[in-house]
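Since the model is a prediction, treat every value here as computed from it, not as a measurement. Because only heavy atoms are used, hydrogens play no part in the values below, and waters and symmetry mates are left out as well, while side chains stay in.
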Amino acid sequence: MTLRRPIPGFAAALLAAAALTSITISSSAASASSKDAPTEAVASNRAPSTQIAELWALQAADQRVADIAWRLLTKAGDLCPDQVSATGISLHSADQYTSAARYSAEAAFGFFNGQPSVLSVAKGSPAATAGIEPNDTLMSINGDGLGGTPSANKSPGKAARYEQIDQSMRALEKLPAGRTAEISIIRRGVPMTLRFSPVIACKSRVELVPGPTVNGSANGHVAQISGGLLEWTQNDDELALVIAHEVAHNILRHQAEIDQSGITTGLFGGFGKSGRRLRDMEREADRLGTWLAARAGFDYHIAPMLWERLSKRGGIGALLATTHPSPSNRRQSLEAVVADISKAQLTN
């Protein structure tokens, strides 16, 4: 089941292993009076226990992705010229969830008064060190409120929204690195104020896309990994490599090039000049992504076998045949990248 609202503006099948519905953790709350919001008890009564368990499992998967992404983004250094202030916090809200899952999301996460809630806190991040926890309600950043109001979007007929969460994430990203930020939260009904200093990281959000499709995508700002791809990977090193590959597309500004150059994507994108350039982009992302994983301390030696295995996976090979290098070509290219990295590490 699709539980969370798709991010708008993603190109269909862009730099992807297969077609998917791209879903983001960016959402928003609409305005309404507090009397319109169902209480947590009402939400619990309306929420299927199996769906609540599914949401908790999804949050645990979000946490795993956040931990790996944090290492990749904060260790990128000169491999990523575009930098941003980073806290380690990812947010969500009730309005982000589809109507079929909204009452379950209320019951699972205890959303408060339309405010954004902490979805995950990356291990080792400034927010984690300061004591921010998943399911804390974010009330203000340096004294500036986030505009939360009891949602008018909770009725089953209302579509999911994303604007408020995107704005709140942007507010966190604008905090100056190295300067103390003051974050006001509510935790299980108790107001708290915590302080920490953001750090510099590579400018790319990383998000998990719920659903069984095995795929990754990048739009220049957000790298997305599907639930199916997360489950397909066998360990954190493999997951780090696929996340790093999509982050690399963003660093290399491949989406901007596609938009500006009129490169054809989708089912007919693999032919002619478009196809050649798309395959080159994949090789470029393979190379940079492997370097990013190595820089963050993940096992980069497995990259050739990982990508060859994914390319040969049933149902995907035909879709990748024209827009991606062949499995053997991809493996050979990555074996050269691994050799380069190993040589550089020995030299240093």
For Arg331 and Glu335, run salt bridge (Lys or Arg N to Asp or Glu O under 4.0 Å): C-alpha distance rounded to whole Å, both residues' side-chain angles, the deciding distance at 0.1 Å, then the answer.
-> CA-CA 6 Å; Arg331 177 168 183 159; Glu335 285 173 345; 3.1 Å; yes
Does the side chain of Met139 come within less than 4.5 Å of Leu146's, by heavy atoms?
-> no
Ser120 versus Gln63, side-chain donor and acceptor atoms under 3.5 Å = no
Output yes when a side-chain donor or acceptor of Glu54 lies under 3.5 Å from a complementary backbone atom of Thr50, and no otherwise.
-> no
Rounded to the nearest 0.5 Å, how far does CZ of Arg188 lie from CZ of Phe112?
-> 14.5 Å
For the residue pair Gln51 and Tyr103, establish whether any side-chain heavy-atom pair is separated by less than 4.5 Å.
-> no
Any side-chain heavy-atom pair from Thr290 and Leu334 closer than 4.5 angstrom?
-> yes
Closest approach of Pro126 to Thr87 (non-hydrogen atoms, all atoms of both residues) | CD-O, 3.6 Å
Could you tell me whether the side chains of Gln224 and Asn219 share a donor-acceptor contact shorter than 3.5 Å?
-> no
Close side-chain approach of Arg279 and Arg330, heavy atoms under 4.5 Å = no
ILVMFWY network linking Leu175 to Val84, side-chain heavy atoms under 4.5 angstrom = no
Give the intermediate values and the outcome of side-chain contact (heavy atoms from CB on, under 4.5 Å) for residues Leu292 and Ile243.
-> CA-CA 10 Å; Leu292 288 169; Ile243 292 173; over 6 Å; no
Rounding to 0.5 Å, atoms CE (Met192) and OG1 (Thr137) come to a distance of 12.0 Å
Euclidean distance, Ile68 CD1 relative to Arg64 CZ, rounded to 0.5 Å = 5.0 Å
So how far is it from Gln115 CD to Leu138 CG, rounded to the nearest 0.5 Å?
-> 7.5 Å
Where is the tightest heavy-atom contact between Lys123 and Asp67, given as atom of each residue plus distance?
-> N-OD1, 2.8 Å
Close side-chain approach of Thr193 and Glu182, heavy atoms under 4.5 Å | yes
Give a yes or no on whether Trp70 and Leu230 share a hydrophobic cluster (residues Ile, Leu, Val, Met, Phe, Trp, Tyr; joining criterion: side-chain heavy atoms under 4.5 Å apart).
-> no
In terms of side-chain geometry, is the basic nitrogen of Arg102 or Glu106 positioned less than 4.0 Å from the acidic oxygen of its partner?
-> no
CA sep, side-chain torsions, deciding dist, call: Lys203, Glu173, side-chain contact (heavy atoms from CB on, under 4.5 Å) | CA-CA 9 Å; Lys203 187 178 181 180; Glu173 291 164 354; over 6 Å; no
State whether a side-chain donor-acceptor pair under 3.5 Å links Tyr300 with Ser342.
-> yes
Is a side-chain N or O of Gln59 found less than 3.5 angstrom from the main chain of Leu119, in a donor-acceptor match?
-> yes
Got a donor-acceptor contact below 3.5 angstrom from the Arg205 side chain to the Val222 backbone?
-> no
Will you find, in the side chains of Arg283 and Asn329, an N or O donor that is under 3.5 Å from an N or O acceptor?
-> yes
For Ala296, does its backbone N or O pair with a side-chain atom of Arg71 as donor and acceptor, under 3.5 Å?
-> yes
Taking side chain as C-beta onward, heavy atoms only, is Gln255 less than 4.5 Å from Gln260?
-> no
Value rounded to 0.5 Å, distance of CZ in Arg195 from CD1 in Ile183 = 10.5 Å
With side-chain contact (heavy atoms from CB on, under 4.5 Å) as the test, would you mind laying out the steps for Ser117 and His92 before giving the verdict?
-> CA-CA 5 Å; Ser117 177; His92 64 158; 4.0 Å; yes
Can you name the closest pair of heavy atoms from Asp136 and Gly131 and give their distance?
-> OD2-O, 4.3 Å
Quick one: are Ile302 and Val338 in side-chain contact, heavy atoms under 4.5 Å?
-> no
Linked, directly or transitively: Val199 and Leu194 (ILVMFWY side chains, under 4.5 Å) = no
Check: Ser226 main-chain N/O paired with Asn215 side-chain donor or acceptor under 3.5 Å | no
State, without any angle test, whether Glu284 and His249 hold a side-chain donor-acceptor pair at a distance under 3.5 Å.
-> no
Would you mind reporting whether Ile251 and Leu79 have side-chain heavy atoms less than 4.5 Å apart?
-> no
Is there a salt bridge (Lys or Arg N to Asp or Glu O under 4.0 Å) between Arg253 and Glu257 once you walk through the steps?
-> CA-CA 6 Å; Arg253 301 180 180 178; Glu257 181 182 346; over 6 Å; no
Taking the inter-plane angle between the rings of Tyr97 and Phe111 on a 0 to 90° scale, is it parallel (under 30°), tilted (30 to 60°) or perpendicular (over 60°)?
-> tilted
Ala177 and Ser85 have their tightest heavy-atom pair at N-OG, 3.8 Å
Heavy atoms of Ser168 and Ile141 approach each other most closely as O-CD1, 4.3 Å
Quick one: closest heavy-atom pair of Val121 and Ile132, and the distance?
-> CG2-O, 3.6 Å
Between CG of Asp236 and CG of Leu241, what distance do you get to the nearest 0.5 Å?
-> 11.0 Å
Please lay out, stage by stage, how Phe196 and Ile89 fare under the test side-chain contact (heavy atoms from CB on, under 4.5 Å).
-> CA-CA 12 Å; Phe196 57 82; Ile89 297 173; 4.1 Å; yes
Between Asn250 and His221: side-chain donor-acceptor atoms closer than 3.5 Å = no
